Protein chains: 2
Amino acid sequence: MTDTANTGVRARLDDHRLPDPVPAGEYEGCPVTGVLRRVGDKWALLLVTLLGQRPYRFNELHRAVDGISQRMLTRTLRTLESDGLVDREVLPTSPPSVEYRLTPLGVSLLEPLAVLAGWALDHHAEIVAARRRPV
Amino acid sequence: MTDTANTGVRARLDDHRLPDPVPAGEYEGCPVTGVLRRVGDKWALLLVTLLGQRPYRFNELHRAVDGISQRMLTRTLRTLESDGLVDREVLPTSPPSVEYRLTPLGVSLLEPLAVLAGWALDHHAEIVAARRRPV
DNA sequence: CAGCATCCCGAGTGATACTG
DNA sequence: CAGTATCACTCGGGATGCTG
């Protein structure tokens, strides 16, 4: 592998769009797996939860999450947008600001997510305990 | 990067334990994220779903999933066992056979999972449609 | 049968610097 | 402010071969 070899290169020179539009995989076979992979994303769920409360601007999200890099914030938002979960709106202000909000589809995800989050909060102590006792 | 440079070397020579006991990360900060990462595992959820129906033996699982490697099957089962979701029982037969079954904790996960799976089945068509329309 | 040991590749992710 | 371009590094995950 040479250093110049770009991973997952787009090779669209004249149409310089996003460098890497969507991070993760296809919805091959089972659609449930595809959704779960999305949900299992390190940041995706956190962003969805945040946006479930109110719209956020880019740097507002960047500050709110605190630990995420600009790159991953952009990529995750782009993925969520591409999946139709998040809507991106560019406001015509003098310093351009962008607002992100959940789509109806994104809102509909909040409820199943809450169920799983409830389970996690309810049982994570048991999981941690299980991990601490080797066999 | 030279070819001899090993990625993520273990460097524990005298204590040759498992090469990589648990694949994924810690439960830092939010326990929900940790659980979601587990759930987002490529195979973990599939195995939990399978084991939710009845106990399976190792190669039985290997055949049932079909596409998983021995290594990932072992690793995923070990992780699930380590998290207290799956129980591993070695049967004292002449060719040693091992049975895997869900623990009560694992069974309790089936319901939240079903909710999420239901959402996925219900909306994955919208997601696919959203991905096909660029902006 | 049920694993464990290695090698290897690509995806995911962070850090940093630059731009409209 | 809201990104984009690179570089570098780790880790998930597949292939293959060996063992008790």
Side-chain angles (χ1 to χ4, degrees), chain A residues 1-13 15-26 37-38 40-44 46 56-63 65-79 81 88-100, chain B residues 1-13 15-26 37-38 40-44 46 56-63 65-79 81 88-100:
Chain A
M1 59 291 294
T2 63
D3 293 324
T4 54
N6 195 336
T7 60
V9 74
R10 275 281 137 186
R12 293 187 293 168
L13 299 176
D15 178 29
H16 52 83
R17 289 275 298 167
L18 299 170
D20 29 21
V22 212
E26 296 297 312
R37 296 284 289 190
R38 281 286 182 277
D41 256 33
K42 190 170 182 179
W43 307 109
L46 218 164
Y56 275 82
R57 294 203 335 278
F58 185 84
N59 276 345
E60 212 173 1
L61 283 173
H62 196 188
R63 249 179 297 280
V65 175
D66 189 66
I68 193 173
S69 61
Q70 282 181 340
R71 182 188 167 191
M72 288 319 296
L73 180 54
T74 304
R75 286 184 54 149
T76 306
L77 286 171
R78 285 289 196 275
T79 301
E81 187 193 1
R88 175 175 179 269
E89 183 183 8
V90 181
L91 302 176
T93 55
S94 49
S97 46
V98 180
E99 265 201 0
Y100 293 92
Chain B
M1 54 254 342
T2 62
D3 293 322
T4 53
N6 195 337
T7 60
V9 73
R10 276 280 139 187
R12 292 188 296 166
L13 299 176
D15 178 29
H16 52 81
R17 293 272 299 164
L18 296 173
D20 26 25
V22 213
E26 295 297 312
R37 296 284 289 192
R38 281 285 181 277
D41 257 33
K42 190 171 183 179
W43 307 108
L46 218 164
Y56 275 82
R57 293 204 334 280
F58 185 85
N59 277 345
E60 212 174 0
L61 283 172
H62 197 190
R63 249 180 299 279
V65 175
D66 190 64
I68 193 174
S69 61
Q70 283 183 339
R71 182 190 165 186
M72 288 320 296
L73 180 54
T74 304
R75 284 183 52 151
T76 306
L77 286 172
R78 285 288 196 274
T79 302
E81 188 194 0
R88 176 176 179 269
E89 183 183 7
V90 181
L91 303 176
T93 55
S94 49
S97 45
V98 179
E99 266 201 0
Y100 293 93

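Everything numeric in this text was worked out from a predicted model, so none of it was measured. FYI, side chains are in, hydrogens and waters are out, and symmetry mates aren't considered; it's all heavy atoms of this structure. Residue numbers begin at 1 in each chain, while the letters A, B, ... track the order of the sequences.
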**OP:** Could you tell me which residues satisfy side-chain contact (heavy atoms from CB on, under 4.5 Å) with A/Glu60, sequence neighbours excluded, listed by chain and number?
**Re:** A/Arg54, A/Tyr56, A/Arg57
Original post:
D/dG3, C/dC1, C/dT13: which one has an atom nearest the side-chain heavy atoms of A/Arg75?
Top reply: C/dT13
**OP:** Could you tell me the separation between the CG atom of A/Asp41 and the C1' atom of C/dG12, rounded to a whole number of Å?
**Re:** 9 Å
**OP:** Whole angstrom is fine here: how far is it from CD in A/Glu81 over to C1' in D/dG3?
**Re:** 13 Å
**OP:** Begin with the C-alpha distance, continue with both residues' side-chain angles, and end with the deciding distance and a verdict on side-chain contact (heavy atoms from CB on, under 4.5 Å) for A/Leu73 and A/Leu61.
**Re:** CA-CA 8 Å; A/Leu73 180 54; A/Leu61 283 173; 4.1 Å; yes
Subject >> From A/Asp41 atom CG to A/Met72 atom CE, the distance as rounded to the nearest 0.5 Å >> reply: 7.0 Å
Original post:
To the nearest Å, how far apart are A/Leu73 CG and D/dA5 C1'?
Top reply: 17 Å
Subject >> C/dA2 OP1/OP2 closer than 4.0 Å to side-chain N/O of B/Arg88 >> reply: no
Subject >> Set of side-chain hydrogen bond (donor to acceptor under 3.5 Å, both in side chains) partners for B/Thr93, sequence neighbours left out >> reply: B/Ser97
Original post:
From D/dG3, C/dG3, C/dA2, pick the nucleotide closest to the side chain of A/Tyr100?
Top reply: D/dG3
Original post:
Say you draw a straight line from CD of B/Gln70 to CG of B/Asn59; how long is it, rounded to the nearest 0.5 Å?
Top reply: 7.0 Å
**OP:** Kindly point out which of C/dA2, D/dC1, C/dG3 is positioned nearest to the side chain of B/Thr74?
**Re:** C/dG3
Original post:
If you check every side-chain atom of B/Val98, which of C/dG3, C/dC1, D/dC1 has the closest atom?
Top reply: C/dG3
**OP:** Check the distance between D/dA2's C1' and A/Phe58's CZ and give it to me in whole angstrom.
**Re:** 6 Å
Subject >> Residues which pass side-chain hydrogen bond (donor to acceptor under 3.5 Å, both in side chains) with B/Ser69, listed by chain and number, not counting sequence neighbours >> reply: none
**OP:** Using a cut-off of strictly less than 4.0 Å, decide whether A/Arg57 has a side-chain nitrogen or oxygen near OP1 or OP2 of D/dC1.
**Re:** no
Original post:
Hey, what do you get for CG (B/Leu77) to CD (B/Glu81), rounding to the nearest 0.5 Å?
Top reply: 8.5 Å
Subject >> Spacing of A/Ile68 atom CD1 and A/Thr76 atom OG1 [to the nearest 0.5 Å] >> reply: 5.0 Å
Original post:
Atom CG of A/Leu61 and atom P of D/dA2: how far apart are they, to the nearest Å?
Top reply: 9 Å
Original post:
Rounded to whole angstroms, how far apart are CD on A/Glu99 and P on D/dG3?
Top reply: 12 Å
**OP:** For the helix from C/dC1-D/dG20 to C/dG20-D/dC1, measure the angle between the helix axis at one end and the axis at the other, each built from five pairs, rounding to 10°.
**Re:** 50°
Subject >> Per-nucleotide protein contact string for nucleotides 14-20 of chain C, where B marks a base within reach and S marks sugar-phosphate only (heavy atoms under 4.0 Å, - for neither) >> reply: BB-B--B
Subject >> Interatomic distance where CZ belongs to A/Arg37 and C1' belongs to C/dG12 [whole Å] >> reply: 10 Å
**OP:** Report yes if a side-chain nitrogen or oxygen of B/Tyr56 is closer than 4.0 Å to either non-bridging phosphate oxygen (OP1 or OP2) of C/dA2; otherwise report no.
**Re:** no
Original post:
Quick one: salt bridge (Lys or Arg N to Asp or Glu O under 4.0 Å) pairs with a partner in residues 88-98 of chain A, sequence neighbours left out?
Top reply: A/Glu89-A/Arg101
**OP:** Give the rounded distance in Å between these two atoms: CZ of B/Arg38 and P of D/dC11.
**Re:** 14 Å
